[in-house]
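Quick caveat: nothing in here was measured; it's all calculated off a predicted structure. Lettering of chains follows the sequences in order, A, B, ..., and the numbering in each one begins at 1.
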There are 2 protein chains.
Amino acid sequence: MDDLSKYGIVSALQAIGGKWKPHILFILLEKGTKRFGELRRLMPEITQGMLTQQLRELEKDGLVTRVVYQEIPPRVEYSLSTHGKSLEHILREMCAWGFTHEEFKKMDKYASENG
Amino acid sequence: MDDLSKYGIVSALQAIGGKWKPHILFILLEKGTKRFGELRRLMPEITQGMLTQQLRELEKDGLVTRVVYQEIPPRVEYSLSTHGKSLEHILREMCAWGFTHEEFKKMDKYASENG
DNA sequence: CGGGATCCCTTACGATACTG
DNA sequence: CAGTATCGTAAGGGATCCCG
């Protein structure tokens, strides 16, 4: 690994970073194909506009596949692309590290409060 | 992995995300202990203030160890803590995935431009 | 149902000047 | 040398309204 390592990680962070993308990716990873409305129900805090925007970015990055069914009422389904699924291992590792990090911070706080 | 997976990843992203932290972590990972001025020279684009802020946050998160030598002129050395080193595997995987992602985007662009 | 458009706020980031 | 303080800008995120 050379001095340009950072560029790879910057690209990765742009693809999966932000407030909502990890959550969306995990849902599609764990639960498979979902409609727009289902995603909204699974993420009650997100607004319609933000969900649309995040899905568009994930689609543009090739991580999520969007399928539109020309029906009345309209139906749109989202799923992970093959490329998106290649993130599974890294997402799970980040998740695991994050949990140990939370534990570490609690212990660290305890240590600093009690010597 | 349950529905709360996202929390781990949010914690991880807060610890290593942002414009500068990955670069700082990679430098300390690859080159070992560095003084403040050395870090500045290795990252010419960052301002003093930002470097200080990012290092403080990394230190607060327990990823980076800061050692002050009471000398004139002052000397301060930064290095990865044991906990910080536990990020090595994940950082390298993110970096590798990021590079393949860049290649994917180029191919995807080519495909969309040429059928 | 699944959006798009607009406006607003907060946070991240950055430039500059000053200091023990 | 290794910071701190202040101020300004850019980007991310959010509320609301409208639409085929």
Send over the distance from [X] [atom1] to [N] [atom2], rounded to a whole Å.
{"X": "A:Ile24", "N": "D:dG13", "atom1": "CD1", "atom2": "P", "value": "11 Å"}
{"X": "B:Glu38", "N": "D:dA2", "atom1": "CD", "atom2": "P", "value": "8 Å"}
{"X": "B:Lys34", "N": "D:dA2", "atom1": "NZ", "atom2": "P", "value": "12 Å"}

Roughly how bent is the helix from C:dC1-D:dG20 to C:dG20-D:dC1 end to end, in steps of 10 degrees, with each end axis from five pairs? 50°

Nearest heavy atoms of A:Gln48 and A:Phe36, plus distance in Å: O-CZ, 4.0 Å

Give the minimum heavy-atom separation between B:Glu45 and B:Trp20, together with the two atoms involved. OE1-CZ3, 3.7 Å

Which part of the nucleic acid does A:Arg40 contact within heavy-atom distance under 4.0 Å: base, sugar-phosphate only, or nothing? nothing

Going by heavy atoms in the side chains, are B:Val68 and B:Glu77 under 4.5 Å from each other? no

Evaluate the side-chain proximity of A:Lys19 to A:Gln54: yes if any heavy-atom separation is below 4.5 Å, no if none is. no

Which parts of residues 44-70 of chain A get close to DNA chain C, meaning a heavy atom less than 4.0 angstrom away? A:Gln48, A:Thr52, A:Arg56, A:Arg66

Taking 4.0 Å as the cut-off, does a side-chain nitrogen or oxygen of A:Trp20 come that near to OP1 or OP2 on D:dG12? no

Can a side chain N or O of B:Lys19 be found less than 4.0 Å away from OP1 or OP2 on D:dA11? no

Could you pull out all residues at least two apart from B:Gln14 that satisfy side-chain hydrogen bond (donor to acceptor under 3.5 Å, both in side chains)? none

Given B:Ile24, B:Leu80, B:Leu87, the one that forms side-chain contact (heavy atoms from CB on, under 4.5 Å) with B:Leu29: B:Leu80

A:Lys34 meets the side chain to side chain contact (heavy atoms under 4.5 Å, CB included) criterion, sequence neighbours left out, with A:Ile27, A:Leu28, A:Lys31, A:Glu38, A:Leu39, A:Leu42

All side chain to side chain contact (heavy atoms under 4.5 Å, CB included) counterparts of B:Ser86, not counting sequence neighbours: A:Trp97, B:His83

Residues [X] and [Y] bridged, charged N to O under 4.0 Å:
{"X": "A:Glu102", "Y": "A:Lys105", "answer": "yes"}
{"X": "B:Arg92", "Y": "B:Glu30", "answer": "yes"}
{"X": "B:Glu103", "Y": "B:Lys106", "answer": "yes"}

Of all nucleotides in DNA chain C that come within under 4.0 Å of a heavy atom of chain A, which is furthest toward the 5' end and which toward the 3' end? C:dC1 to C:dG4

